[in-house]
S.K.: 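Below are the structure tokens for one structure; questions will follow.
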Amino acid sequence: MSSLKNKNILLGITGSIAAYKAGQILRLLGKKEAKVYPIMTEAATHFVHPLTFKALASEEVTYKLFKEERGAEHISLARLADLLLIAPTTANIIGKIAHGIADDILTTTVLAVDCPVVIAPAMNHYMYKNPLVQENIKRLRKFGFKFIGPEEGKLASGEMGPGRISEPFKIVEYVEKVIKSKNDFKGKTFLITAGPTRERLDRVRFISNYSSGKMGYALAEEGIARGAKIILVSGPSSLDPPSNVEFYSIESAEEMRREVKCRFAEMDGVLMAAAVSDYRPLYTEEGKIKKISQEKINLKLIRNQDILKEIGNKKGDKILVGFCAEVENLEDEARIKLKEKNLDLIVANNITLEGAGFGVDTNIVTLIDKKGNIEYLSKMSKREVAEKIWDKIKELMNVQS
Ligand code: CTP
């Protein structure tokens, strides 16, 4: 049975030359027995007449914010939606959505939905590459909006470049994947650790690292979007905890260890994205360490327990995911850690690469699973990396069950 059967798909159509392709998308969705509700912006109606979609769609075409007989259309459409697909999506609509502007039937619906939103951009390549558009796309990805395309090719202007809307069949395949993955982890509980730990030297100083928490928080957001219950144990971070997670704020590795260990038994899996300090000061000064006359001072450090290794020893059939940040011998180091800590999956990144590692919004990672399968991911947003990691976890769980 098609995963789209009887699913309510809102199909947003915006003012692009590619608007005619929405007709093909609509037919493909219809073939898969989805109920499609076209929503056109005013600009879209200049490219394709609403009657075209009326003839093709099983449901009514909407292109006005208010209808006299039914009132606020965006709310009723939003409530029934399983997914909102906007194809094609112009730079203008991307900009509006990225800034919460809601001044027509489509953008108001976007604000009102509580379902995945898939965006298929279509525009001139200069517009697509414009830093403002890229910034807006980045912002939307961060909030969990999903993107398909655009692709490289000949554009309406005759120029070549990225900006072509993806092929209708690819868009529909992606919609199917998103709908299916919505309940991937329903009934499952995962604990995610994120951010750095702080190891206190005295009342005002600590040892820590540059971890921002972005990767762990992105994993939490994506996990929630796929139906999992998420417990997030985080070291100090400037990020707001994602909504709907059970959140525990900790400071030291030992505090993180306590939180992880006391919850481990009830978990279906643990994702240790935190950059846990390997050492802590042997002594913590109650007050403040004062300067002394000597030029050099010695700091004595003691090893912290390896949380992941500890839980790896009693893993059972739980899924364990570790992370490692390396500067050389990435794959070898990752494989050693995978084995030593008894993991199902390790996410390795080379922090010397531009666009990877601490603080930045993107990452370049390699996934290695316990069977030795290896997947090299290109540079992508941390939210997309999170998507890939959850895909892999799903695969590993399917193999296990
Ligand atoms: N980890 C942990 N407890 C620690 C240290 C690390 O659970 N005390 C986890 C991290 O959350 C991460 C993985 O182990 O998932 C990283 O492994 P680790 O061997 O610590 O990697 P590095 O810190 O990169 O190690 P090294 O400095 O030895 O390369």
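We count residues from 1, following the sequence as given. Predicted model, so just to flag it, every value in this text is computed and none were measured. Whatever order the structure lists ligands and atoms in, that order sets their numbers, starting from 1.
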S.K.: Take Asn8 and Tyr37 through the test side-chain hydrogen bond (donor to acceptor under 3.5 Å, both in side chains) and record every step on the way to the result.
M.R.: CA-CA 7 Å; Asn8 292 314; Tyr37 301 75; 3.2 Å; yes
S.K.: For ligand 1, is there an N or O atom under 3.5 Å from any N or O atom of Gln305?
M.R.: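 Yes - when backbone and side-chain N and O of Gln305 are compared with those of ligand 1, one distance drops under 3.5 Å.
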S.K.: Mark up the atoms of ligand 1 that fall under 4.0 Å of a heavy atom belonging to Ala325, in ascending order.
M.R.: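 Near Ala325, the atoms of ligand 1 are 24 (O).
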S.K.: Using atom types as modelled, flag every donor-acceptor pair under 3.5 Å from a side chain in residues 159-166 to any protein atom, sequence neighbours excluded.
M.R.:
| residue | atom | partner | partner atom | Å |
| --- | --- | --- | --- | --- |
| Glu159 | OE1 | Asn124 | ND2 | 2.9 |
| Glu159 | OE1 | Ser157 | OG | 2.9 |
| Arg164 | NH1 | Lys154 | O | 3.0 |
| Ser166 | OG | Glu151 | OE2 | 3.1 |

S.K.: Please report, to 0.1 Å, the donor-acceptor pairs under 3.5 Å made by any side chain of residues 86-93, with sequence neighbours excluded.
M.R.:
| residue | atom | partner | partner atom | Å |
| --- | --- | --- | --- | --- |
| Thr89 | OG1 | Ile86 | O | 2.7 |
| Thr89 | OG1 | Ala120 | N | 3.4 |
| Thr89 | OG1 | Ala120 | O | 3.4 |
| Thr90 | OG1 | Ile93 | N | 3.2 |

S.K.: Got the closest protein heavy atom to atom 7 (O) of ligand 1, with its distance?
M.R.: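 Atom 7 (O) of ligand 1 sits closest to the protein heavy atom Leu308 N, 2.9 Å.
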S.K.: Is there a donor-acceptor pair under 3.5 Å between the side chain of His99 and the backbone N or O of Ile101?
M.R.: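 It does not hold such a pair.
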S.K.: Could you work out, for atom 24 (O) of ligand 1, the closest of Arg303, Glu333, Lys337 by heavy-atom distance?
M.R.: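 It is Lys337 that holds the nearest heavy atom.
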S.K.: Looking at atom 16 (C) of ligand 1, what's its closest protein heavy atom, distance included?
M.R.: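 Heavy-atom neighbour on the protein nearest atom 16 (C) of ligand 1: Phe323 O, 3.0 Å.
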S.K.: Going by an N to O cut-off under 4.0 Å, is there a salt bridge joining Glu254 and Arg257?
M.R.: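 Yes, charged N to carboxylate O under 4.0 Å.
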S.K.: As a check for students: among Asp278, Asn329, Ile307, Ile336, identify the option with a heavy atom nearest to atom 3 (N) of ligand 1.
M.R.: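 Of the listed residues, Ile307 has the closest heavy atom.
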S.K.: In terms of side-chain geometry, is the basic nitrogen of Asp268 or Lys318 positioned less than 4.0 Å from the acidic oxygen of its partner?
M.R.: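 Here Asp268 does not pair with Lys318 in a salt bridge, since their nearest N and O are not under 4.0 Å apart.
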S.K.: What's the shortest distance from atom 15 (O) of ligand 1 to any protein heavy atom, and which residue and atom give it?
M.R.: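 Of the protein heavy atoms, Met272 O, 2.7 Å lies nearest.
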S.K.: Nearest protein heavy-atom contact for atom 2 (C) of ligand 1: which residue, which atom, what distance?
M.R.: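 Here the closest protein heavy atom is Asp306 OD1, 3.4 Å.
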S.K.: May I ask you to say whether Lys288 pairs ionically with Asp202, meaning some side-chain N is under 4.0 Å from a carboxylate O?
M.R.: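 A salt bridge is absent here (no side-chain N lies under 4.0 Å from a carboxylate O).
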S.K.: Taking N or O atoms only and a 3.5 Å limit, does Val276 qualify as a polar contact for ligand 1?
M.R.: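 There is no such contact.
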S.K.: What residue and heavy atom of the protein are closest to atom 18 (P) of ligand 1, and at what distance?
M.R.: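 Of every protein heavy atom, Lys341 NZ, 3.3 Å lies nearest to atom 18 (P) of ligand 1.
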S.K.: Counting only heavy atoms, tell me which of Gly322, Gly312, Ala273, Ala274 gets closest to atom 10 (C) of ligand 1.
M.R.: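 Considering heavy atoms of Gly322, Gly312, Ala273, Ala274, the nearest to atom 10 (C) of ligand 1 sits in Ala274.
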S.K.: Take atom NZ in Lys31; do more than 12 heavy atoms of anything else shown fall under 6.0 Å from it?
M.R.: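 No - once you tally the heavy atoms of other residues, nucleotides and ligands closer than 6.0 Å, there are 12 at most.
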